[in-house]
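So you know, we letter chains A, B, ... as the sequences are listed, proteins then strands, and number each from 1. All heavy atoms count here, side chains included; hydrogens, waters and symmetry mates do not.
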There are 2 protein chains.
Amino acid sequence: MKESTKTNASNYVSAAVIVIGDEILSGRTQDTNSRHIALRLGEIGIQLGDIRVVPDREDKIISAVNEMRTAHSYVFTTGGIGPTHDDITAACIAKAFNQNFLRNEWAYKKLLAHYGEENLTDARIRMAMMPENVEIIENIVSGAPGFKIENVYVMAGVPKIMEAMMDAILPTLKGGDIIHSETVPCPFPESQIASFLADLQKETPEVSIGSYPHLKDGKLGVNIVLRSANTQKLTSAASILKTYLENGGPTRT
Amino acid sequence: MKESTKTNASNYVSAAVIVIGDEILSGRTQDTNSRHIALRLGEIGIQLGDIRVVPDREDKIISAVNEMRTAHSYVFTTGGIGPTHDDITAACIAKAFNQNFLRNEWAYKKLLAHYGEENLTDARIRMAMMPENVEIIENIVSGAPGFKIENVYVMAGVPKIMEAMMDAILPTLKGGDIIHSETVPCPFPESQIASFLADLQKETPEVSIGSYPHLKDGKLGVNIVLRSANTQKLTSAASILKTYLENGGPTRT
């Protein structure tokens, strides 16, 4: 079942990110790829519905890929496509799709052109090993290309390389309705505006209203974020909220 | 089935983090809670095996909680326990455990003490609504407490509050073997040391060897990270690697 929506998008397209790597799970590395992908997809009307971080373990990678690729229109993986022994993503994707894992001649030619024959070591040739039926995702930063297989996009883990791959992928995706958002800073504690927000949410089901507290200088602040594919409903709901807050909100007598 | 290990921990304890919130999936907010939890758990010998980010949607929260709590010794959720309509975590946890969802008198007393009777609005009282059989996780930063139900710890999403809750939780957890790590910067490209690393990994299966490229000033650098519960094996493998690199690594003639 594809993801549904509460943001009034009639053409709702969802995606998942699978971050592959022990280094994220150990806390050694802060993942920033998911957020970058979320923001880029949002630009073209694709909504992230799941992020999963899994270790460099075959069973976990395969099950995440197979679960996510049926649940979402698109899946993006990052990490594990380099030349070392711990780079097992490509082989796992082949297994997930029940495809042969073999040298992709296009990728091989790309690597040959990038490194030159004298530097094309066995380890580098390993980066041309892919499932049988893929399209190459070019890597203009370093040599190793990513690939696309059905609705799964297999990308590098190094942020700059992943970002360049996303640049290449983005124009090829079919987006849906763009979800617009408006952020309204709120000078009152969440609990004081909770019932007003709940009513506003009930009255405007086409707009998803989120309340996000944050701590600054020891004090809780709140941002209200309204999101909808319908700009008119969005503007109207935001305007009701702002008028309420400007008129004293919960303190109005 | 509980997670297994490749780091030679005979007493391997694993955990999962479930980040709950549309704001992470939209890219509006960068999640940093997972990494904090990973690092704190690592200190006491608990290894993160999964991170999942799910939207504020009942079915997704319930299935993630139920899947993760059987797969791992501990599960930590962040987000969605505030007073507003979009805070649905506590109610979802009750459903996941098939328990009644009712006012927790201990939590209620805490909120009463924190806010005072005149300020204990309906919205705030909502933060005392919890599954039937929980233990309270105190919140010394703001009013709303978290709770523990079986092996699931339900925490706030605001980082400072979540961190304070982790401080309170940590001494109550039963950790396993601590995984020690050593990071060795590598002056050669990954592909040039790949076969050496693969051999080293084969020879020392008790040590998990990861190779992590990064881009700095347009150049790819590499860190080799060795991890093991066995400090002797770890030191020995790291020493073999360092000797190899110091002696010219792949360029040695």
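The shortest distance between side-chain heavy atoms of D50(A) and V54(B) falls below 4.5 Å. Taking 4.5 Å as the limit, every side-chain heavy atom of T84(A) sits out of range of all side-chain heavy atoms of Y212(B). Using a 4.5 Å heavy-atom cutoff, the side chains of P189(B) and R124(A) are in contact. Within the 4.5 Å cutoff, side-chain heavy atoms of R227(B) are placed close to those of S26(A).
Considering all non-hydrogen atoms of both residues, L25(B) and I51(A) come closest at CD2-CG1, 3.7 Å. Closest of all the heavy-atom pairs between G27(A) and L39(B) is O-CD2, 3.6 Å. Shortest non-hydrogen contact noted between G49(A) and P55(B) is O-CD, 3.4 Å.
For I209(B), the parts sitting under 4.5 Å from any heavy atom of chain A are the backbone and the side chain alike. Heavy-atom distances place no part of V17(B) under 4.5 Å from chain A, backbone and side chain included. For T32(B), the parts lying under 4.5 angstrom from a heavy atom of chain A are both the backbone and the side chain. Residue V19(A) does not touch chain B at all, counting heavy-atom pairs closer than 4.5 Å. For a residue to count as touching a neighbouring chain, one of its non-hydrogen atoms must lie under 4.5 Å from one of that chain's; by this rule E190(B) touches chain A with backbone and side chain alike. Heavy-atom distances place both the backbone and the side chain of L197(B) under 4.5 Å from chain A. Heavy atoms closer than 4.5 Å to chain A are found in both the backbone and the side chain of R28(B).
Interatomic distance, NE2 of H214(A) versus CD1 of I161(B), reported as 11.5 Å (0.5 Å rounding). In this structure, E23(B) CD and N223(A) CG are separated by 11.0 Å, a value rounded to the nearest 0.5 Å. Atom CG in D86(A) sits 8.5 Å away from atom CD1 in I224(B) (nearest 0.5 Å).
Of the listed residues P213(A), A198(A), S211(A), A194(A), the one with more heavy-atom pairs under 4.5 angstrom with chain B than any other is S211(A). Comparing G79(A), G210(A), P83(A), A123(A) by heavy-atom pairs within less than 4.5 Å of chain B, the highest count is held by P83(A). By number of non-hydrogen pairs under 4.5 angstrom with chain B, the leading residue of T183(A), L220(A), V158(A), L41(A) is V158(A).
Heavy-atom neighbours of I140(A) CD1 from other residues, nucleotides or ligands within 6.0 Å: at or below the threshold of 12.
When each of P250(B), S191(B), S195(B) is tested with T121(A) by the rule side chain to side chain contact (heavy atoms under 4.5 Å, CB included), just one qualifies, namely S191(B).
A salt bridge does not link R35(A) to D31(B): none of the charged side-chain nitrogens sits closer than 4.0 Å to a carboxylate oxygen.
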Verdict with supporting geometry, Q30(A) and Q30(B), side-chain contact (heavy atoms from CB on, under 4.5 Å): CA-CA 10 Å; Q30(A) 168 70 55; Q30(B) 168 70 55; 3.0 Å; yes

